[in-house]
Amino acid sequence: MLIKEFINQTNKNQMISTILKYYKVGNVKIKMKNMKDHAHYEVEDGVLLLSTKYKIIKKSQIKEFLITIIHETYHAMDAKKYGWKKFKDMYEMEMNLQVQLGNDEYKDNKFEIAAEDFGQKNWKKWYNKFKKEGLF
């Protein structure tokens, strides 16, 4: 029996849709963009950008993919919680503060830390769910 090495576009989209709906941000628009990361959330537009580089992902990339999608979903949750304009202002203030402190504006940003922690804590749950459903 051959192991599925790749996750097809349909299954990948189903995973993303399921995660967004579960966290009640199912109204997020999805667009494709040429970029190096799996995904990026644009707060002001409510758009989850997915990389054209990862239309199909390898089985070895599932963990990284899920963490990234859950991380970006967390940003969408914050935007919904605070309102996109307020969240964007809060995020930018945090970036500026980190620069003033001589820290990395991204790595030391409390919103990025929270989103990454959320992704790290929740990816395994989704991995097990999607594996059980036969999506990979």
Side-chain angles (χ1 to χ4, degrees):
M1 182 163 132
L2 293 174
I3 297 173
K4 292 182 188 176
E5 186 178 344
F6 298 98
I7 299 173
N8 68 35
Q9 184 70 35
T10 303
N11 289 356
K12 182 180 140 186
N13 290 345
Q14 184 175 346
M15 287 187 270
I16 294 167
S17 176
T18 300
I19 290 169
L20 292 172
K21 285 178 186 172
Y22 179 85
Y23 293 112
K24 297 180 175 44
V25 289
N27 62 335
V28 169
K29 297 173 215 122
I30 297 174
K31 293 185 180 175
M32 302 298 288
K33 182 178 179 180
N34 186 9
M35 58 186 185
K36 71 174 192 155
D37 297 325
H38 283 285
H40 173 75
Y41 181 69
E42 288 189 339
V43 168
E44 58 276 357
D45 300 322
V47 173
L48 178 63
L49 298 173
L50 300 176
S51 176
T52 55
K53 181 179 175 183
Y54 298 103
K55 283 185 180 178
I56 297 174
I57 57 175
K58 293 180 183 178
K59 206 166 184 187
S60 62
Q61 298 170 317
I62 294 171
K63 178 181 177 181
E64 178 188 350
F65 167 74
L66 288 173
I67 290 170
T68 302
I69 296 302
I70 296 164
H71 172 119
E72 298 305 334
T73 299
Y74 192 81
H75 290 315
M77 292 163 55
D78 275 346
K80 181 179 177 182
K81 178 179 177 181
Y82 298 110
W84 75 266
K85 182 153 181 38
K86 183 175 180 181
F87 176 62
K88 184 177 182 207
D89 290 345
M90 291 166 54
Y91 186 94
E92 289 174 357
M93 283 178 58
E94 177 67 15
M95 286 181 78
N96 292 335
L97 173 64
Q98 294 307 324
V99 170
Q100 289 173 359
L101 294 172
N103 297 332
D104 185 284
E105 63 188 22
Y106 182 79
K107 286 184 191 174
D108 298 312
N109 184 312
K110 67 182 180 184
F111 297 107
E112 290 299 331
I113 293 168
E116 189 62 22
D117 286 348
F118 188 73
Q120 292 287 341
K121 288 177 184 171
N122 288 286
W123 78 270
K124 191 73 169 175
K125 166 177 97 172
W126 292 104
Y127 178 90
N128 290 334
K129 175 181 173 40
F130 295 141
K131 186 174 183 178
K132 188 176 182 179
E133 291 176 2
L135 294 175
F136 56 86

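Predicted, not measured: the structure shown is a model, and the values here were computed from it.
Nearest approach of Thr68 to Ala39, heavy atoms of both residues: CG2-N, 3.7 Å. Shown here for Leu66 and Trp126, the closest heavy-atom pair between the two residues is CD1-C, 4.3 Å.
Ile69 is listed as a side-chain neighbour of Leu50, based on a closest heavy-atom distance under 4.5 Å. Looking at heavy atoms from C-beta onward, Leu101 lies out of side-chain contact with Asp108 at the 4.5 angstrom threshold. Contact annotation: the side chain of Lys63 never approaches that of Tyr127 to less than 4.5 Å [non-hydrogen atoms, C-beta and beyond].
Here the CD1 atom belonging to Ile16 is positioned 10.0 Å from the NE2 atom belonging to His38, to the nearest 0.5 angstrom. Rounding to the nearest 0.5 Å gives a distance of 13.5 Å between CG of Leu97 and CD of Glu92. Atom-to-atom distance recorded for Thr18:OG1 and Glu133:CD is 6.5 Å, nearest 0.5 angstrom. Here the NE2 atom belonging to His40 is positioned 9.5 Å from the CG atom belonging to Leu48, to the nearest 0.5 angstrom. Glu42 CD to Leu49 CG: the interatomic distance, rounded to the nearest 0.5 Å, is 4.5 Å. Atom CG of Asp78 sits about 11.5 Å away from atom OG1 of Thr73, to the nearest 0.5 Å.
Looking at Gln61, its side chain does come within 3.5 Å of a backbone N or O of Lys58 through a donor-acceptor pair. Without hydrogens or angle criteria, Lys24 side chain to Lys80 main chain gives no donor-acceptor distance under 3.5 Å. Side chain of Glu72 to main chain of Tyr41: a donor-acceptor pair is present (N/O by atom type, distance under 3.5 Å, no hydrogens or angles).
Ile70 and Leu135 fall within the same hydrophobic cluster, defined by Ile, Leu, Val, Met, Phe, Trp and Tyr side-chain heavy atoms under 4.5 Å apart, directly or through other members. In terms of hydrophobic clustering, with Ile, Leu, Val, Met, Phe, Trp and Tyr side chains grouped at heavy-atom distances under 4.5 Å, Ile113 and Tyr82 are assigned to different clusters. Linking ILVMFWY side-chain heavy atoms closer than 4.5 Å, directly or via other members, places Ile67 and Tyr22 in a single hydrophobic cluster. In this structure, Met35 is not a member of the same hydrophobic cluster as Ile57, with clusters built from ILVMFWY side-chain heavy atoms closer than 4.5 Å. Residues Val47 and Tyr23 do not share a hydrophobic cluster, defined by chaining ILVMFWY side chains whose heavy atoms lie under 4.5 Å apart.
For the side chain to side chain donor-acceptor pair (under 3.5 Å) test with Tyr91, the passing option among Glu112, Lys86, His75 is Glu112; the others fail.
Checked by atom type, the side-chain pair Glu116/Tyr74 shows no donor-acceptor distance below 3.5 Å. Side-chain contact check for Asn109 and Glu105: no donor-acceptor pair (N or O, by modelled atom type) lies under 3.5 Å. Checking Gln120 against His71 by side-chain atom types alone, no donor-acceptor pair falls below 3.5 Å.
Other residues sharing the hydrophobic cluster of Val99, ordered by chain and number and joined by side-chain separations under 4.5 Å: none, the residue standing alone. Taking a 4.5 Å side-chain heavy-atom cut-off between Ile, Leu, Val, Met, Phe, Trp and Tyr, the cluster of Met93 contains only that residue.
Within a 6.0 Å radius of NZ in Lys33, no more than 12 heavy atoms belonging to other residues, nucleotides or ligands are found.
Relative orientation of the Phe87 and Phe111 rings is perpendicular, given thresholds of 30° and 60° on the angle between their planes.
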Checklist line | Full working for side chain to side chain contact (heavy atoms under 4.5 Å, CB included) between Asn13 and Ile30 | finding: CA-CA 10 Å; Asn13 290 345; Ile30 297 174; over 6 Å; no
Margin query: ring pair (Phe, Tyr, Trp, His ring centres under 6.0 Å), that's the test. Do Phe65 and Phe136 meet it? Break it down for me.
Written below: CA-CA 13 Å; Phe65 167 74; Phe136 56 86; 9.6 Å; no
